[in-house]
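Model, not experiment: these values are computed from the prediction. These values consider heavy atoms only, across backbone and side chains, with no hydrogens, waters or symmetry-generated copies.
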Amino acid sequence: MNKQVNYGRFLHGGDYNPEQWMNRPDILRTDIEYFKKSHINTVSLGIFSWSVLEPNEGEYHFEWLEEIIDTMYHNGISVILATPSGARPKWMSDKYPEVLRVNENRERNLFGGRHNHCYTSPVYREKTRRINMELAKRFGQHPAVILWHISNEFGGECHCPLCQEEFRKWLEEKYQTIEALNECWATTFWSHRYNSFSQIESPSPRGESGLHALTLDWKRFVTERTIDFLKHEVQAIRDGGSDKPVTANLMYDYAGLDYKKFREALDIVSWDNYPSWHKHTEWKTALDCGLQHDLMRSIQNRPFLLMESCPSATNWQPVSKLKKPGMLLTASLQAVAHGSDSVLYFQLRQSQGSSEKFHGAVIDHYGGCDTRVFREVTEVGNALEQIQEITGSHTVSPAAILYDRENDWAMKDSQGPRNEDLHYMECIQKHYQALRNQGINTDIISMEHDLQGYQIVAAPMSYMHRRDYAQKLASFVENGGTLVLTYWSGIVDETDLCYLEGTPHGLMEVTGIRSTEIDALYDWEENHAVPENGNHLGLSSIYTCKNFCDLVQPIKQKPDVEILLRYADDFYQGWPALTHHAFGKGHAYYVCADLEEAFYGDFYPQIIKEAHILSPLESIPEGVSVTTRENDSSTYLFVQNFGTKAVSVPIPAEYKLLYGDTEASMKPLTTRIFKKAR
């Protein structure tokens, strides 16, 4: 079982690359002074250090690293020590070309880049095992080292012969017989049946790309191969004698891997957050950012680490914009509000050359501590020390939204009603925004998650229902939960075979309706949803529909289905656009169309009230984020103004101010944190 990690303080610091400055001991000495001045208490070391740690095969040079780690320890700074497998040294690629990846066109890559290596290669596994064991033997019990950082931003895939063979083994273990695979994959279509597992190749634009189940299983395999390699790295650390906890830094909405599968492989989830602040309204960006924080927190349902964030501007976004004054502190405390026990940056000192030489850093090329960025980093460090008691506290969420990566993969490859843009994430965000506007903590879950404890579960566009997921949702409603299901749900099983005998599969009894057809709208088209007089939610506005309009009808044996909205236009004028059905002790709502944001803003407050969920505040101004964390003794209330105007936010008397100003109103980009006894 993975370890529960709580350091008793917020980790503040980030990626440090002292090997770039070995010829400048004056810089290394100055860095320590600056770290202490800015309240930096943690550095991540060794992430891309392999060529310095092992400049030639079997020739290890750890003295410089030991000196840095010792120096950090003597100055009260903790170390997150990385395994260096994110980028291999040149000597390895030259001597063992099999370690380099092969792309989907079956072309082997040249040396270069990051994660350009095969996770199956016995050579690569042997080399990573050796250096990981040596690092663990040397530093695994060092008192400065608090956490192992496994590789860096896992991603990508390899189609080499070694990976092809592992894929075939994986398929045979899953399906047992080739006949079972052919049936599940529907290979009879286009006459693509296989006679043996040895005939199967990974998807390729040069070969098979029309078998949706093949593509889906390949993506699942890539995730499992990546996790297998991660476990291989961790085992080397354990065999080297270190039992320190492990993490791996995940990425924003990364579609290449199914992150929920990392749950048991890591002791603590961490991720790298680089939002485009000032591109849209700050509130919109904050909502998107909060959703990703909640997704990462929900993987293990406990605090996570913000492993990377930028103290200034990145260098890789289309427009790498500076953070305006106050944005760094506000964004950092947003991560804490949503469950992070750290604020860590990439990078601590700006590189002098190569790819990320202009990426923002705590210490820039100028090298001084009198910059605006340095002052703001120091402000973050001060704030984290003031609220140190919050570390380790957890998040209690009465609501959850299903955002499942396998469902995403299957839907994007479905070749269904829309192929240009399904607007899946936008749909998720509409539900999330409506819940968060009411100050409701919200988990972002996958189909594996237990639904116990939730009062509202939204399952937008749940195209694929794996195993018994429909039954899980049905039981949730029957036992008193509120389910919000939408168009294009319950269409296929886990091998992307269409369900027969009606959709949403397994939930027609629960929702009381059956989908008959779905209309995909051109980008310039729209329909409208008109409220039914006397609907029990009191909806009274007309709402615009875009992209999808599901044509549903109540099933005959369910005359108690309530139609709350009806379509206003086209040949399906008068058909249901929103339905409600009481099932068991709970409620099932079916949103038939891709309705505008305003609908969700009207809809969710009513079902929140119906579910007897209380918001922490009676009134929340537009653009204000309200979030809570809890421990055994206290509840912590985070109030952040991402709006454009100063606002007054009344706080219940039982809450006492822990952090922030005491002015009558909250200015934009300010945070207040309150505390009350539980």
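In terms of modelled atom types and a separation under 3.5 Å, the side chain of Asn249 and the main chain of Ser270 share no donor-acceptor contact. Side chain of Ser320 to main chain of Thr314: a donor-acceptor pair is present (N/O by atom type, distance under 3.5 Å, no hydrogens or angles). For the pair His192 (side chain) and Leu211 (backbone), a donor-acceptor distance under 3.5 Å is absent. The main-chain N or O of Gly210 is found under 3.5 Å from a side-chain atom of Glu208 such that the two form a donor-acceptor pair. Under a 3.5 Å cut-off, the side chain of Ser49 and the backbone N or O of Val52 do not form any donor-acceptor pair. Glu406 places no side-chain N or O within 3.5 Å of a backbone atom of Glu494 that could act as its donor or acceptor partner. Within the 3.5 Å criterion, the main-chain N or O of Ile227 finds no donor-acceptor partner in the side chain of Lys261. In this structure, the side chain of Tyr432 does not engage the main chain of Ile444 through any donor-acceptor pair within 3.5 Å. Side chain of Thr42 to backbone of Leu11: no donor-acceptor contact under 3.5 angstrom is found. The backbone N or O of Gly140 lies less than 3.5 Å from a partner atom in the side chain of Ser242, making a donor-acceptor pair.
Ion pairing between a basic and an acidic side chain is recognised when a charged N comes within 4.0 Å of a carboxylate O; Lys412 and Asp408 show such pairing. A salt bridge is absent between Arg263 and Asp258; no separation between the charged side-chain nitrogens and carboxylate oxygens falls under 4.0 Å. The pair Glu173-Arg168 fails the salt-bridge criterion, with no side-chain N (NZ, NE, NH1 or NH2) lying under 4.0 Å from an Asp/Glu carboxylate O. With salt bridges taken as basic N to acidic carboxylate O contacts below 4.0 Å, none links Glu54 and Arg130. Using a 4.0 Å cut-off between a side-chain N of Lys or Arg and a carboxylate O of Asp or Glu, Asp523 and Arg418 qualify as a salt bridge. For the pair Asp228 and Lys231, the salt-bridge criterion is not met [side-chain N within less than 4.0 Å of a carboxylate O]. Between Asp450 and Lys472, none of the side-chain N atoms (NZ, or NE/NH1/NH2) sits under 4.0 Å from a carboxylate O, so this pair counts as no salt bridge. The pair Glu157-Lys219 does not count as a salt bridge, with every side-chain nitrogen at least 4.0 angstrom from each carboxylate oxygen. A salt bridge does not link Glu98 to Arg108: none of the charged side-chain nitrogens sits closer than 4.0 Å to a carboxylate oxygen. Between Lys169 and Glu172 there is no salt bridge, since no side-chain N of the basic residue sits under 4.0 Å from a carboxylate O of the acidic one.
For Asn547 and Tyr487, the side-chain atoms include no donor-acceptor pair closer than 3.5 Å. Using modelled atom types, one finds a donor on one side chain and an acceptor on the other under 3.5 Å when comparing Glu59 with Asn56. Side-chain N/O atoms of His212 and Thr215 include no donor and acceptor closer than 3.5 Å. Side-chain atoms of Ser309 and Asn273 include no donor-acceptor pair closer than 3.5 Å. A donor-acceptor contact under 3.5 angstrom links the side chains of Asp496 and Tyr463, judged on distance only. For the residue pair Glu104/Ser202, the side-chain donor-acceptor check at 3.5 Å is not satisfied. Counting only N and O atoms by type, the side chains of Tyr469 and Asp404 include no donor and acceptor under 3.5 Å apart. Judged purely by distance below 3.5 Å, without hydrogens or angles, the side chains of Asp272 and Tyr254 never pair a donor atom with an acceptor atom. Defined by atom type and a distance below 3.5 Å, a donor-acceptor pair is missing between the side-chain atoms of Thr442 and Arg436. Of the N and O atoms on the side chains of Ser298 and His449, not one donor lies less than 3.5 Å from an acceptor on the other residue. Counted by atom type alone, Asn132 and Trp148 present zero donor-acceptor pairs between their side chains at under 3.5 Å. A donor-acceptor pair shorter than 3.5 Å cannot be found between the side chains of Tyr119 and Glu166. No side-chain N or O of His149 forms a donor-acceptor pair with one of Ser44 less than 3.5 Å apart. Using modelled atom types and a 3.5 Å distance limit, the side chains of Glu233 and Thr83 yield a donor-acceptor pair. Side chain to side chain, Trp170 and Glu224 meet the donor-acceptor criterion of an N or O pair below 3.5 Å.
The two residues Ala236 and Met133 make their nearest non-hydrogen contact at O-CG, 3.2 Å. Residues Ile47 and Ala82 approach most closely at CG1-CB, 3.4 Å, considering heavy atoms. Contact record, Thr120 with Cys163: OG1-SG, 3.2 Å, taken as the closest heavy-atom pair. Among all heavy-atom pairs drawn from Ser85 and Phe229, the shortest one is OG-CE2, 4.2 Å. For Pro275 against Thr285, the heavy-atom pair with the smallest separation is CB-CG2, 3.9 Å. Pairing each heavy atom of Met251 with each of Trp271, the nearest pair is C-CE3, 4.2 Å.
Around the NZ atom of Lys174, the shell of radius 6.0 Å holds more than 12 heavy atoms that belong to other residues, nucleotides or ligands. For CD of Gln352, the number of neighbouring non-hydrogen atoms (other residues, nucleotides, ligands) closer than 6.0 Å is 12 at most. The number of heavy atoms from other shown groups lying within 6.0 Å of CD (Glu448) is above 12. In the displayed structure, Asp468 atom CG is contacted under 6.0 Å by at most 12 heavy atoms of other residues, nucleotides or ligands.
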*Take Ile299 and Phe304 through the test side-chain contact (heavy atoms from CB on, under 4.5 Å) and record every step on the way to the result.*
CA-CA 9 Å; Ile299 292 173; Phe304 62 94; over 6 Å; no
*Check the pair Asp294 / Leu291 against side-chain contact (heavy atoms from CB on, under 4.5 Å), numbers first and verdict last.*
CA-CA 5 Å; Asp294 287 335; Leu291 191 156; 5.8 Å; no
*Walk me through it: do Tyr194 and Trp185 pass the test side chain to side chain donor-acceptor pair (under 3.5 Å)?*
CA-CA 10 Å; Tyr194 297 102; Trp185 284 14; over 6 Å; no
*asked:* For a salt bridge (charged side-chain N to carboxylate O under 4.0 Å, His left out) check, start with the C-alpha distance between Asp443 and Lys260, then their side-chain angles and the critical distance, and finish with the verdict.
replied: CA-CA 13 Å; Asp443 290 349; Lys260 67 176 177 285; over 6 Å; no
*Start with the C-alpha distance between Asp253 and Arg405, add both sets of side-chain angles, then the distance that settles salt bridge (charged side-chain N to carboxylate O under 4.0 Å, His left out), and finish with yes or no.*
CA-CA 9 Å; Asp253 200 31; Arg405 183 58 65 195; 2.9 Å; yes
*Dump the intermediate steps for ring-ring contact (aromatic ring centres under 6.0 Å, His included) on Trp316 and Tyr274, then the final yes or no.*
CA-CA 10 Å; Trp316 48 265; Tyr274 295 101; 5.6 Å; yes
*In sequence, state the C-alpha distance, the side-chain angles, and the governing distance for Glu134 and Leu53, and then conclude on side-chain contact (heavy atoms from CB on, under 4.5 Å).*
CA-CA 10 Å; Glu134 292 298 325; Leu53 293 168; over 6 Å; no
*asked:* Asp267 vs Thr247, test: side-chain contact (heavy atoms from CB on, under 4.5 Å). Steps then yes/no.
replied: CA-CA 6 Å; Asp267 294 309; Thr247 191; over 6 Å; no
*Output, in order, the C-alpha distance, side-chain angles, deciding distance and verdict of ring-ring contact (aromatic ring centres under 6.0 Å, His included) for Tyr424 and Tyr403.*
CA-CA 9 Å; Tyr424 181 37; Tyr403 180 46; 5.3 Å; yes
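Here Phe167 and His159 keep their ring centres 6.0 angstrom or further from each other.
Between Phe154 and His115, the ring-plane angle classifies as tilted under the 30° and 60° cut-offs. Ring pair His505/Tyr499 is parallel by interplanar angle, where below 30° counts as parallel and above 60° as perpendicular.
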